[in-house]
Amino acid sequence: MTHQTFDPVELLGERVRAAISAAAPDAPDDADAMISPSKRAELGDFQCNAAMPLAKRLGMKPRDLATKIVEHIDVTDLCEPVTEADIAGPGFINFRLQQDAIGTLLDRLDSPSLGLPAPESPTTVVVDVCGVNLAKQMHVGHLRSSVIGDTLARTFERLGETVVRQNHVGDWGLPIAMVTRKLQSEAEAGRVSLDDLTLDELDRLYKLAQHECRGQGKGLELVAKYNLGPKIEAELRAMHDEAMEHLAEAKATLVALQAQEPAVHAIWKRIYAVTMGACLKTCQRLHTRITEADSAGESSYAEELTTVVNDLVARGIAEESSGALVVRLDSPEDGGIAEPCLIRKGDGGYLYATTDIAAIKRRVQTIGADRVIYTVDARQSLHFKQVFAAARKAGYATKPGASQPSVLEHAAFGTVLGEDGRPFKTRSGENIRLSDLLDEAIDRARQDGGQQEPRPARR
RNA sequence: GUCCCGGUAGCUCAGUUGGAUAGAGCAGCCGACUUCUAAUCGGCAGGUCGGAGGUUCGAGUCCUCCCCGGGAUGCCA
């Protein structure tokens, strides 16, 4: 016995495996004992289903094998004596525990670890949780990512593994540059105070910036197609030109941000602080163990992207396709995924797949993850399939010196729907703020609880 | 078009690597209890496991095809 177990399934399994190798020397050493709680309580406490599949493999009659197993089994310290009468049907073997055996097993449970043995060598598990975006309120999607992810993390912690939470904060790229630019101009105009900036204010500026940079290309196409006249065209053209100006400014801001230009970078840092302050507070309200130490934003990978992409190109893993750079994954050994993974746009910009590949590299090769789990909405499952396959193809998913890649998995959860069966939003189509949702939940619970008088004590 | 995830009792869902009679909660019905507006306690009833083939001693579980619902699908994240 490798450790003191309290689990009758495990104990009986050991005995049955011993009996199997004595009864049938041809049987594989790793034969599954197939012990489970009895389906029919009147026949016993536990049952063994191993005789049937094993007999098939060995070319024996299942009942004969069951008889031989029973002849060789030794469970005198655990169970009532097992005889041929305990073989039922095609070859089920029934066990009934002794009364005092149960007491002994329960005593073993009464330890600080509650019966869970610590792993001989703990593995490192990275759990991707939360995933907030700068300048945006958290919404119901973050609820699941945070709560489910943190629960997975706690489970592995309880099992004795080394757990590293990673909050992949969306803090980089053109959308963030747009708000940064917007906030900068609003602050310079004295319309917004950087000192008492709130997330609500940021959320508003984010949407405004998005709106300002949205071009009218589609509208102009329609004008041309349906010949709507020069007046409308001129109006749209003016709007479009203005949007393109805003977009150009945002792109310039992105460049400034990447160059860590002090003025712009200070604005960005302010956005970061305000958003993460609110986010971590919400994580705390949810009783998760997600902290600032777990934040590993997209910005932290910015420097590594070019290195990664160059490496992929140099080793022929990435190739050019219609001006963009892709990793092909359609061959069976790469995963047989028809859609190639896009890692660089035609304009030279990187995509979220690029960042995610760099993140896998860091998580596996620097943090030392044996397993990386992504708690993210199910709609992104193709994205993760691609990114995992690309990282494996590049060797980024393998720890230095390891022969096998680490386990990469997407713990997908579904979209939160409202009563109408559509994604949970307000009537006007806005996301519901997670902090409001929590306020209301607490409020309602308080009301329901407060209205009722305490029940008479029963326990 | 292709791919992914679902389809199990009226509703919401469990169902171990294929194993004995497919389960639970709620709703329903019968009864008990009785100050407390979903969630007191018994009991009963409730099923072509989406459909059709196939593999197997044995299929809700594995394979093939089809139907229905949702999602994704090269330059957003």
Side-chain angles (χ1 to χ4, degrees), chain A residues 9 13 30-44 47-57 59-63 65-66 86-94 131-136 141 168-178 206 210 213-214 247 297-298 318-330 335-356 359 376-387 390 410-415 417 421-423 444 447-456 458:
Chain A
V9 170
D30 60 343
D32 191 338
M34 298 184 72
I35 307 292
S36 63
S38 188
K39 287 250 173 148
R40 296 175 58 174
E42 73 274 17
L43 295 179
Q47 65 185 64
C48 162
N49 301 340
M52 282 85 76
L54 208 53
K56 186 187 274 186
R57 285 171 67 178
M60 298 171 66
K61 287 184 183 169
R63 251 199 109 90
L65 180 59
D86 294 302
I87 301 172
F92 298 100
I93 305 171
N94 294 305
V132 279
N133 296 303
L134 287 203
K136 284 168 90 173
H168 195 76
V169 181
D171 62 357
W172 208 239
L174 194 57
I176 303 298
M178 288 180 190
Y206 182 91
Q210 290 280 310
C213 294
R214 195 168 300 135
L247 195 61
E298 291 174 346
E319 58 190 271
E320 190 273 335
S321 167
S322 322
L325 211 52
V326 304
V327 178
R328 294 200 187 280
L329 307 162
D330 49 335
I337 304 165
E339 298 86 347
C341 183
L342 233 97
I343 59 165
R344 196 177 67 198
K345 296 190 282 184
D347 67 5
Y350 299 124
L351 297 108
Y352 70 139
T354 326
T355 313
D356 275 331
V376 180
D377 190 296
R379 286 174 293 188
Q380 298 205 28
S381 55
L382 174 60
H383 164 70
F384 283 111
K385 264 168 87 174
Q386 291 178 306
V387 162
H410 176 198
F413 57 80
T415 311
L417 303 178
R422 305 178 26 171
R444 283 205 212 172
Q447 271 184 20
D448 285 0
Q451 271 181 9
Q452 265 180 337
E453 284 181 43
R455 288 175 179 280
R458 272 168 189 261

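Source: prediction; values computed, not measured.
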Length of the line joining [X]:[atom1] and [N]:[atom2], which is rounded to integer Å:
X: A/Lys385; N: B/G71; atom1: NZ; atom2: C1'; value: 13 Å
X: A/Gln210; N: B/A77; atom1: CD; atom2: P; value: 11 Å
X: A/Arg379; N: B/G6; atom1: CZ; atom2: C1'; value: 16 Å
X: A/Leu174; N: B/C76; atom1: CG; atom2: P; value: 10 Å
X: A/Leu329; N: B/U73; atom1: CG; atom2: P; value: 16 Å
X: A/Gln386; N: B/A77; atom1: CD; atom2: P; value: 13 Å
X: A/Phe413; N: B/C13; atom1: CZ; atom2: P; value: 17 Å
X: A/Leu342; N: B/U73; atom1: CG; atom2: P; value: 13 Å

Listed nucleotide nearest any side-chain atom of [X], set [options]:
X: A/Leu351; options: B/A20, B/C76, B/U17; value: B/C76
X: A/Val326; options: B/G19, B/A77, B/G74; value: B/G74
X: A/Lys56; options: B/C57, B/G19, B/A72; value: B/C57
X: A/Phe92; options: B/U73, B/A77, B/A20; value: B/A20
X: A/Ala88; options: B/U73, B/A20, B/U17; value: B/A20
X: A/Ala324; options: B/C4, B/U17, B/C75; value: B/C75
X: A/Lys345; options: B/G19, B/A77, B/C75; value: B/C75

Identity of whatever pairs with [N] - Watson-Crick or G-U, under 3.5 angstrom:
N: B/G53; result: B/C63
N: B/U73; result: B/G1
N: B/G28; result: B/C44
N: B/G6; result: B/C68
N: B/U35; result: none
N: B/G18; result: none

Upstream residue (5' side of RNA chain B) when A/His383 and A/Glu339 are each assigned their closest nucleotide: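 The residue closer to the strand's 5' end, by nearest nucleotide, is A/Glu339.
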Along RNA chain B (nearest heavy atom to each residue), the more 5'-positioned of A/Pro53 and A/Ala353: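 Looking at RNA chain B, the more 5' nearest nucleotide goes with A/Pro53.
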Using the [atom1] atoms only, state how far [M] lies from [N], rounded to an integer number of Å.
N: B/A14; M: B/U2; atom1: C1'; answer: 33 Å
N: B/A24; M: B/A32; atom1: C1'; answer: 23 Å
N: B/G51; M: B/C67; atom1: P; answer: 15 Å
N: B/G46; M: B/C65; atom1: C1'; answer: 33 Å
N: B/U21; M: B/G28; atom1: C1'; answer: 24 Å
N: B/C44; M: B/C26; atom1: P; answer: 15 Å
N: B/U8; M: B/G25; atom1: C1'; answer: 15 Å
N: B/G50; M: B/U61; atom1: C1'; answer: 16 Å

Set of residues satisfying side-chain contact (heavy atoms from CB on, under 4.5 Å) with respect to A/Ile337, sequence neighbours excluded: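 Only A/Leu329, A/Glu339, A/Leu382, A/Lys385, A/Gln386, A/Ala389 meet the side-chain contact (heavy atoms from CB on, under 4.5 Å) criterion with A/Ile337.
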side-chain hydrogen bond (donor to acceptor under 3.5 Å, both in side chains) partners of A/Glu319, counting only residues at least two apart: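 Listed in chain order: A/Arg328.
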[N] base to [X] side chain: any donor-acceptor pair below 3.5 Å?
X: A/Asp377; N: B/A72; value: no
X: A/Gln47; N: B/A20; value: yes
X: A/Ser321; N: B/G74; value: yes

Over all atoms of both residues, closest heavy-atom pair of [X] and [Y]:
X: A/Leu342; Y: A/Ala353; result: O-CB, 3.5 Å
X: A/Ile93; Y: A/Ala66; result: CD1-O, 4.0 Å
X: A/Leu65; Y: A/Leu54; result: CD2-CB, 3.7 Å
X: A/Gly170; Y: A/Ile176; result: O-CD1, 3.5 Å
X: A/Pro175; Y: A/Gln210; result: CB-NE2, 3.8 Å
X: A/Pro62; Y: A/Pro90; result: CB-O, 3.2 Å

Sugar-phosphate, base or nothing in reach of A/Ser322, heavy atoms under 4.0 Å: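 Contact class for A/Ser322: base.
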Sugar-phosphate, base or nothing in reach of A/Gly346, heavy atoms under 4.0 Å: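 Since a base atom lies under 4.0 Å of A/Gly346, the category is base.
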